[in-house]
Amino acid sequence: MAVRCVGTLLRRVWRAWQPGTAALSYCTEITSGRIQVNGVDLHYQRTGSGEHAVLLLPGALGSSQTDFGPQLKLLDKKAFTVIGWDPRGYGRSIPPARDYPEDFFSRDATDAVNLMQALHFKRFSLLGWSDGGITALVAAGSYPLLINKLIVWGANAYVTEEDLALYNAVKDVSKWSPGMRKPLEDLYGINYLTSTFSTWVDAMTNIFQKFDGNICRHLLPLISCPTLIIHGMKDPMVPLFHPQFLHQQVKKSRLHLMPEGKHNLHLRYSEEFNKLVEDFLCSA
């Protein structure tokens, strides 16, 4: 076990023994920046000073700030340098307005990898949620020499009729719960949120109709890094067959099931999730 990971374990034990002092063991500084990548000014957040670089990839319409608060705040800052980014057209990477060409997952993957290279990271790990998990799978399959380790949850390599039914059931954002809608409405305004999510559903429908549902099935055998696939058994948006398929197709993968986890398991069960992440990233 690497020295920095032993340090992670010791700090975790110390926090458990010292009630009420957990926040003191973390540097709380999170800096923000913008950098031009592939002709777009991409917004990112950065925290930690560890040797192991980690990129957080948000879901559809997500951003570093809305999707990864507990990870930016609480992942071990001595073991990791954590980067959260806003893909083009999301969060604070506007302009441009978000669009969904047929290769948008590949475009996002290239943007993500080029962002990390622009920040001078030679190799790095990826943590991808939902659409960000798909982007991470594409990046790991397309740029295998650059990816150290991969963690994905709420992701799928292809689209089925069952998936489209789930997407269309939530296409009208006015029917979302206030807790689900408000953070994104505050970030984008109701018009941008409504039109962009509707266009996303249409884009996934196009993938199903034009490409037999394939997003990145062909890339999964090319992923060579150790991979952790996490699935919440109560996820209403991603049926169990998707993480099972990823586990079957990605060579060095393992599947971890969270019985009570839903789609946002990394937020609802952030302490358990962060421990899984730290243990996996620090393992040999």
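In this chain, numbering begins with 1 at the start of the sequence shown.
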Please set out all donor-acceptor pairs under 3.5 angstrom arising from side-chain atoms of residues 56-70, sequence neighbours excluded.
| residue | atom | partner | partner atom | Å |
| --- | --- | --- | --- | --- |
| Ser63 | OG | Thr66 | N | 3.2 |
| Ser63 | OG | Thr66 | OG1 | 2.9 |
| Ser64 | OG | Gln45 | OE1 | 2.6 |
| Thr66 | OG1 | Ser63 | N | 3.1 |
| Thr66 | OG1 | Ser63 | O | 3.4 |
| Asp67 | OD2 | Gly59 | N | 3.0 |

ILVMFWY cluster, [X] and [Y] together (side-chain gap under 4.5 Å):
X	Y	result
Ile134	Leu146	no
Trp129	Tyr269	yes
Leu74	Leu267	no
Phe208	Ile215	yes
Met237	Ile230	no

Going by distance alone, is a donor N or O of one side chain under 3.5 Å from an acceptor N or O of the other, for [X] and [Y]?
X	Y	result
Ser125	His52	yes
Asp131	Trp200	yes
Ser93	His43	no
Asp163	Thr160	yes
Tyr143	Thr110	yes
Lys77	Thr47	yes
Asn206	Gln209	no
Trp153	His231	no
Lys149	Ser283	yes

Check whether any side-chain heavy atom of [X] lies under 4.5 Å from a side-chain heavy atom of [Y], and answer yes or no.
X	Y	answer
Arg268	Phe273	no
Met180	Val170	no
Lys252	Thr227	no
Met116	Val113	no
Phe124	Thr81	no

Discussion item. Show, in sequence, the C-alpha distance, side-chain angles and deciding distance for Arg46 and Val82, and conclude whether the side-chain contact (heavy atoms from CB on, under 4.5 Å) test is met.
Written reply: CA-CA 6 Å; Arg46 178 173 183 156; Val82 181; over 6 Å; no

Out of curiosity, [X] [atom1] to [Y] [atom2], how far, rounded to the nearest 0.5 Å?
X	Y	atom1	atom2	result
Leu240	Leu257	CG	CG	6.5 Å
Leu193	Leu184	CG	CG	5.5 Å
Phe80	Cys282	CZ	SG	4.0 Å
Asn274	Lys73	CG	NZ	12.0 Å
His242	Asp235	NE2	CG	10.0 Å
Leu150	Leu55	CG	CG	11.0 Å

Can you tell me if [X] uses its side chain to pair, donor with acceptor, with the backbone of [Y] under 3.5 Å?
X	Y	result
Glu278	Asp76	yes
Ser253	Val250	yes
Asn168	Leu164	yes
Tyr192	Arg98	yes
Thr194	Ile190	yes
Ser270	His266	no
Asp86	Arg92	yes

Discussion item. I'd like to know whether Lys210 forms a side-chain contact (heavy atoms from CB on, under 4.5 Å) with Glu102, so could you lay out the CA-CA distance, the side-chain angles of the two residues, the decisive distance to 0.1 Å, and finally the verdict.
Written reply: CA-CA 9 Å; Lys210 191 169 183 179; Glu102 292 177 347; 2.6 Å; yes

Side chain to side chain contact (heavy atoms under 4.5 Å, CB included) involving [X] - partner list, sequence neighbours excluded:
X	value
Val40	Leu42, Arg88, Pro96
Pro101	Asp99, Asp103, Phe104, Arg107
Ile35	Val37, Tyr44, Leu115, Ala118, Leu119

Least distance between heavy atoms, [X] atom then [Y] atom:
X	Y	result
Leu137	Ala155	CD1-CB, 4.4 Å
Val138	Ala109	CG1-CB, 3.7 Å
Leu246	Ala157	CD2-CB, 3.9 Å
Glu162	Pro239	OE2-CG, 3.4 Å
His256	Leu228	CB-CD1, 4.1 Å
Gly91	Tyr188	N-OH, 2.8 Å

Worksheet item: Can the ring centres of Trp176 and Phe197 be said to be less than 6.0 Å apart?
Response: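 So the answer is yes for these two rings.
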
Discussion item. Could you check whether atom NZ of Lys251 has more than 12 heavy atoms from other residues, nucleotides or ligands sitting under 6.0 Å from it?
Written reply: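 It does: Lys251 NZ has more than 12 such atoms within range.
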
Discussion item. Looking at Glu271, I want to see if its CD is surrounded by more than 12 non-hydrogen atoms of other residues, nucleotides or ligands under 6.0 Å.
Written reply: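 Not buried by this count: 12 neighbours or fewer within 6.0 Å.
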
Item to complete: Classify the angle between the aromatic ring planes of Tyr158 and Phe241 as parallel (below 30°), tilted (30 to 60°) or perpendicular (above 60°).
Response: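 Rings of Tyr158 and Phe241: parallel, under 30°.
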
Could you tabulate the donor-acceptor pairs under 3.5 Å formed by side-chain atoms of residues 217-225, not counting sequence neighbours?
| residue | atom | partner | partner atom | Å |
| --- | --- | --- | --- | --- |
| Arg217 | NE | Asn214 | OD1 | 3.4 |
| Arg217 | NH2 | Asp212 | O | 3.3 |
| His218 | ND1 | Asn214 | ND2 | 3.2 |

Practice prompt. Quick one: do Ile229 and Arg254 satisfy side-chain contact (heavy atoms from CB on, under 4.5 Å)? Show the steps, please.
Written response: CA-CA 6 Å; Ile229 302 156; Arg254 64 182 178 91; over 6 Å; no

Discussion item. Go through it in stages, so that I can follow the logic: the residues are Lys234 and Glu260, the test is side-chain contact (heavy atoms from CB on, under 4.5 Å), and I'd like the CA-CA distance, side-chain angles, deciding distance and then a yes or no.
Written reply: CA-CA 6 Å; Lys234 295 184 178 180; Glu260 298 301 316; 2.6 Å; yes

Worksheet item: Taking only residues two or more places apart in sequence, or in another chain, which ones meet Gln248 in a side-chain hydrogen bond (donor to acceptor under 3.5 Å, both in side chains)?
Response: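 Residues passing side-chain hydrogen bond (donor to acceptor under 3.5 Å, both in side chains) with Gln248: none at all.
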
